[in-house]
Student: 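I have a structure I would like to understand better, so I am pasting it below and will then ask my questions one at a time.
Whatever order the structure lists ligands and atoms in, that order sets their numbers, starting from 1.
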Amino acid sequence: MSIFKRKKAKEQPESAALPQHVALIMDGNGRWAKKRGLPRSAGHRAGAENFKKIVRYASARGIRYLSVYAFSTENWNRPQEEVSTLISLFIQYLDEALRDFVGENIRVRFMGETDRFPQDLQDLIARVEETSHDRTGMTLNVCLNYGGRCELKDAMQKIARRVQSGELVPEQITEQTISDSLYCPDEPDPDLIVRPSGELRLSNFLLWQSAYSELVFMDVLWPDFGPEQFDEAIAEYQKRSRRFGAIR
Ligand code: FPP
């Protein structure tokens with residue numbers, strides 16, 4: 001259930017459009033396992049199964065872009081055994097995704113410094129991106145070794161190199177220059193960011209792109225976040241009045 005207060009009927013926004021870009025923080029796998037007396041790895045496996053289910057559902061609902069936070073730049077600080085479990089799950093589920101997402105016409109892209117992962121996962125990432133590149137349905141961004149600050153640092157380095165080569169002078173750097181230097185510059189910013197698990201923070205996710213995203217926090221752990229909860233988050237979004245700093 002969302003922690004945000006419901007709007008009164010007369011305050012309904014003029015449009016109840018479907019968000020074009022939804023971003024999901026897949027949190028709560030560990031707590032889900034603990035509640036059942038299972039190892040954390042069982043929670044991550046259940047989370048990975050749910051990842052496939054929700055990707056399919058979002059595509060069926062007509063979402064154009066879905067971004068999922070699967071592994072942050074800070075997640076390397078977990079015990080080595082848990083990191084290895086997660087990497088094995090990424091390999092297994094991305095390999096399945098190569099086949100499974102064909103029917104849904106889903107394009108898969110990756111955001112993050114993926115060159116820190118073992119070579120077999122890097123090869124798979126390249127294969128998944130290449131194989132799905134020309135698909136015209138929903139675009140799925142899998143954020144792996146992703147951090148919003150790291151993405152901004154990479155963008156700054158790209159821009160600094162352009163300045164250094166004389167292509168750009170500092171006064172020409174605009175907000176658009178920064179947007180254009182991010183990992184997926186051709187995609188719209190997320191309209192809606194959903195975080196299950198009860199935590200109320202962004203945890204370094206899409207820091208630049210989230211400036212005007214609607215945030216929905218839900219008291220459900222990721223493996224239990226099903227189509228019903230996805231619909232609930234969309235319904236909450238559709239009640240919001242988006243003003244982008246203007247008066248309407
Ligand atoms: C956060 O929950 C979850 C993660 C760090 C891993 C998310 C990964 C998956 C759901 C697998 C996705 C698979 C693919 C192929 C993209 P947590 O472990 O921090 O939960 P806790 O806060 O309850 O401990």
Student: Side chains of Leu215 and Arg195, heavy atoms from C-beta outward: is any pair under 4.5 Å?
Tutor: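 Leu215 does not reach Arg195 side chain to side chain.
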Student: Taking the inter-plane angle between the rings of Phe205 and Tyr69 on a 0 to 90° scale, is it parallel (under 30°), tilted (30 to 60°) or perpendicular (over 60°)?
Tutor: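 Parallel.
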Student: Check Phe90 against Ala70 and note the closest heavy-atom contact, atom names and distance.
Tutor: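 In this case the closest contact between Phe90 and Ala70 is CZ-O, 3.6 Å.
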Student: Please determine whether a side-chain nitrogen of the Lys or Arg among Glu236 and Arg240 lies less than 4.0 Å from a carboxylate oxygen of the Asp or Glu.
Tutor: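 Salt bridge: yes.
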Student: For ligand 1, is any non-hydrogen atom under 4.0 Å from Asn75's backbone (N, CA, C, O), its side chain (CB onward), both, or neither?
Tutor: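 For Asn75, the contact with ligand 1 is made by the side chain alone.
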Student: Quick one: look up the protein heavy atom nearest atom 6 (C) of ligand 1 and list residue, atom name and how far away it is.
Tutor: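 Heavy-atom neighbour on the protein nearest atom 6 (C) of ligand 1: Ala70 O, 3.4 Å.
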Student: Using distance alone, decide if ligand 1 has a nitrogen or oxygen within less than 3.5 Å of any nitrogen or oxygen in Arg40.
Tutor: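 Right, the criterion is met.
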Student: What I want to know is whether Gly30 and ligand 1 share at least one N or O pair that is separated by under 3.5 angstrom.
Tutor: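 N/O-N/O distance under 3.5 Å: yes.
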Student: Would you say the side chains of Gln80 and Ser84 form a donor-acceptor pair under 3.5 Å?
Tutor: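 Judged by distance alone, the side chains do pair up.
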Student: Taking non-hydrogen atoms only, is Leu86 closer than 4.0 angstrom to ligand 1 via side chain, backbone, both or neither?
Tutor: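 The answer is the side chain of Leu86.
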Student: Which residue owns the protein heavy atom closest to atom 10 (C) of ligand 1, what's the atom, and how far is it?
Tutor: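 I find the closest protein heavy atom is Asn29 ND2, 3.4 Å.
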Student: Please list the nearest protein heavy atom to atom 3 (C) of ligand 1 with its residue and the distance rounded to 0.1 Å.
Tutor: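 Protein heavy atom at minimum distance: Met26 O, 3.1 Å.
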Student: Between Asp189 and Trp208, is there a side-chain donor-acceptor contact under 3.5 Å, judged purely by atom types and distance?
Tutor: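 No, no side-chain donor-acceptor contact under 3.5 Å.
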Student: Based purely on interatomic distance, does Tyr69 place a nitrogen or oxygen under 3.5 Å from a nitrogen or oxygen of ligand 1?
Tutor: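 Between Tyr69 and ligand 1 (N or O atoms, distance only) the closest approach is not under 3.5 Å.
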Student: Which atoms of ligand 1 have any heavy atom of Gly47 under 4.0 Å away?
Tutor: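 Going through ligand 1 atom by atom, the ones under 4.0 Å from Gly47 are 10 (C).
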Student: Side chain, backbone, both or neither: which applies to Lys34 and ligand 1 if a contact is any heavy-atom pair less than 4.0 Å apart?
Tutor: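 The answer is neither; Lys34 stays 4.0 Å or more away.
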Student: Quiz question: by atom type and distance under 3.5 Å, do the side chains of Ser88 and Thr85 form a donor-acceptor pair?
Tutor: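 Their side chains do not contain a donor-acceptor pair, so the 3.5 Å distance test is not met.
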Student: Considering heavy atoms of the protein only, find what lies nearest to atom 22 (O) of ligand 1 and give residue, atom and distance to 0.1 Å.
Tutor: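 Answer, as residue, atom name and distance: Arg31 NH2, 2.9 Å.
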Student: Taking side chain as C-beta onward, heavy atoms only, is Ile25 less than 4.5 Å from Glu199?
Tutor: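 Not in contact.
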Student: Below 4.0 angstrom from a heavy atom of Tyr93, which ligand 1 atoms are there? Numbered from 1 as shown, please.
Tutor: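 Ligand 1 atoms under the 4.0 Å threshold to Tyr93: 15 (C).
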Student: Using heavy atoms and a threshold below 4.0 Å, how should the contact between Arg78 and ligand 1 be classified: side chain, backbone, both, or neither?
Tutor: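 Arg78 to ligand 1: side-chain contact only, backbone stays beyond 4.0 Å.
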Student: Heavy-atom distance under 4.5 Å between the side chains of Asp231 and Tyr57, does that happen here?
Tutor: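 The answer is yes, as the side chains (C-beta and beyond) meet within the 4.5 Å cut-off.
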